Amino acid sequence: MDITLQKSTIQKQSAIQITGSKSESNRLLLLQALFPEIELKNVSNSDDSNLMTKALASKEELVDIHHAGTAMRFLTAYFAVQEGRKTILTGSKRMKERPIKILVDALRELGAEIDYVENDGFPPIKITGKKLSKHKVSLKANVSSQYISALLLIASKLENGIELTLDGDITSVPYINMTLSLLNEIGVKTSFQNNVIKVYPSKTNPKPLVVESDWSSASYYFSIVAISEVGTQIELSSYKENSLQGDSCLVAIYKHFGVISTFKENSVVLKKEATQIKPLALDLKNAPDIAQTIAVTCFVLGISCDLTGLHTLKIKETDRLVALKTEIEKLGGTIEITDKSLHLKVSKNIKPMVSITTYNDHRMAMAFAPVALKQDIIIEDAGVVSKSYPTFWEDLKAIDFKISE
Ligand SMILES: O=C(O)C1=C[C@@H](OP(=O)(O)O)[C@@H](O)[C@H](O)C1
Ligand SMILES: C=C(OP(=O)(O)O)C(=O)O
């Protein structure tokens, strides 16, 4: 379904409750399957987390996780240690193009039995669950941190834990730290020094855990406030100042656009203050999921930006670098991309009623929505947002975005 967002002015003061972090939820759901005593609150209602829950409970041989990348990677490791269980793990057409070889090689090295069903290096895969015989392995760390998190999550159940040596530049480090912190929360001991991560055999102490709301989802409100009039404020819950989610770096990044964040007991209030518009240069190696949001904020505000550290964007839900270039150019922007960076020039005008293609990528739909604060815009296949934030459009309507089908 395509939707039209008419040029809108939002409420001066509003509040939004955002669902739990998809990243924290998918880790904790897996840990809960390993340690059923764990109780969870504020679990994400995203498609990806629902798919994760369903897959973990499934007794079928065929498990389809559609577009859910973390679920694909985490479940590969999970099913590899389910002794005696045979699983064919598959996904959407795009999932079959998202590489998994680094993880499969590492698991095989540890003793797992995994075969490719169609193309070498890509889903679908056939997994025969086994007890893993080894605990030390090296793997490339510059392609996706999800491979590393997948191995760490199952390590808590391995007799000798795990010792991972990470080769090359480590990408998306905050996501690895999130995995380690959540393991620590349930009593699993870990260490991460230089390029070696260890998970030690530990006595666990599972307890009730509350998932913090999703910071990547919050990014769209940072963008909205940045583009709104001075004085506009939005309160987002449930958030805390010391987050496990790397995307909480939004607080520091959006100061550049005059968005001041104040933490309350269970929420964060974003307020737009007057600021001078300056070009932006950022390395997003640690926060790849907010690249689209930031690029669109800069485009709408007419600020030039150089975003680097974007090498992982090409293997996400779509090639996000190409998608951003195509859609920003449709709106009248000038943007250059390489395989790992994006360079946006200052733009003066935004073309009206442009139809934004979303390429099965929730973040394309949500990142472009704030354009409606300046110009009418169409978002194609708007339902894609359910991958991480199913109530996104209702929440925008609640703060006075004018949205019609
Ligand atoms: O572990 C996670 O929850 C995630 C890790 C990141 O992936 P990469 O490590 O592949 O960049 C991120 O982009 C993704 O949305 C979620
Ligand atoms: C890249 C993402 O998700 P995944 O890799 O889990 O599909 C995302 O949510 O932006």
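For clarity, every value in this text was computed on a predicted model and none was experimentally measured. In listed order, ligands and their atoms are each counted from 1.
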Visitor: Charged N to carboxylate O below 4.0 Å: is that the case for K325 and E336?
Guide: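 Result for this pair is no, no salt bridge flagged.
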
Visitor: In plain terms, say whether R27 and E24 are close enough for a salt bridge, that is, a side-chain N and a carboxylate O under 4.0 Å apart.
Guide: no

Visitor: Any salt bridge between K316 and D361, counting N to O under 4.0 Å?
Guide: no

Visitor: Who passes salt bridge (charged side-chain N to carboxylate O under 4.0 Å, His left out) against D120, sequence neighbours left out?
Guide: none

Visitor: For ligand 1, what are the residues with a heavy-atom contact below 4.0 Å?
Guide: S23, R27, T70, S144, S145, Q146, S172, Y175, P288, D289, T312, K316

Visitor: Which pairs of donor and acceptor atoms, one on a side chain in residues 105-114, lie under 3.5 Å apart (sequence neighbours left out)?
Guide:
unit_1 : atom_1 : unit_2 : atom_2 : d
D105   : OD2    : K101   : NZ     : 2.7
R108   : NE     : I114   : O      : 3.1
R108   : NH2    : I114   : O      : 2.8

Visitor: Just jot down the ligand 2 atoms closer than 4.0 angstrom to any heavy atom of G69, in number order.
Guide: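 Answer, ordered by atom number: 4 (P), 5 (O), 6 (O), 7 (O).
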
Visitor: Of all heavy-atom pairs between L321 and S341, which one has the smallest distance, and what is that distance?
Guide: CD2-O, 3.7 Å

Visitor: Ignoring hydrogens, what is the shortest heavy-atom contact between I170 and K285? Give both atom names and the distance.
Guide: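 I170 and K285 have their closest heavy atoms at O-CE, 3.7 Å.
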
Visitor: Would you kindly specify which portion of R320 sits under 4.0 Å from ligand 2, judged on non-hydrogen atoms: side chain, backbone, both or neither?
Guide: side chain

Visitor: For F35, is the NZ or CZ atom of K157 found under 6.0 angstrom from the centre of its six-membered ring and inside 45 degrees of the ring axis?
Guide: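 Yes, cation above the ring, under 6.0 Å and within 45°.
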
Visitor: Side chain, backbone, both or neither: which applies to H67 and ligand 2 if a contact is any heavy-atom pair less than 4.0 Å apart?
Guide: backbone

Visitor: Counting from 1, what ligand 2 atoms have a heavy atom of K316 closer than 4.0 Å?
Guide: 1 (C)

Visitor: May I ask whether M95 has any heavy atom positioned less than 4.0 angstrom from an atom of ligand 2?
Guide: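 So M95 does not count as touching ligand 2.
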
Visitor: Please list the nearest protein heavy atom to atom 10 (O) of ligand 2 with its residue and the distance rounded to 0.1 Å.
Guide: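 Heavy-atom neighbour on the protein nearest atom 10 (O) of ligand 2: R363 NE, 2.6 Å.
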
Visitor: Specify side chain, backbone, both or neither for D289, according to which of its non-hydrogen atoms lie closer than 4.0 Å to ligand 2.
Guide: side chain

Visitor: In the protein, which heavy atom is nearest to atom 2 (C) of ligand 2, and how far is it?
Guide: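 The protein heavy atom lying closest is E317 OE2, 3.0 Å.
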
Visitor: With a cutoff of 4.0 Å, is R98 in contact with ligand 2, counting heavy atoms of the residue only?
Guide: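 R98 counts as a contact of ligand 2 under the 4.0 Å cut-off.
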
Visitor: Between K22 and D214, is there a side-chain N and carboxylate O pair less than 4.0 Å apart?
Guide: no

Visitor: How would you list, by chain and number, every residue that makes a side chain to side chain contact (heavy atoms under 4.5 Å, CB included) with A218, sequence neighbours excluded?
Guide: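 Partners of A218 by the side chain to side chain contact (heavy atoms under 4.5 Å, CB included) criterion, ordered by chain and then number, come out as I18, W215, F222, L236, Y239.
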
Visitor: Do H362 and ligand 2 have an N or O pair less than 3.5 Å apart?
Guide: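 Between H362 and ligand 2 (N or O atoms, distance only) the closest approach is under 3.5 Å.
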
Visitor: Assess whether a salt bridge exists between D306 and K345, defined as any Lys/Arg side-chain N lying under 4.0 Å from an Asp/Glu carboxylate O.
Guide: no

Visitor: Under 4.0 Å from a heavy atom of T70: which atoms of ligand 2 are those, numbered in the order shown and with their elements?
Guide: 4 (P), 6 (O)

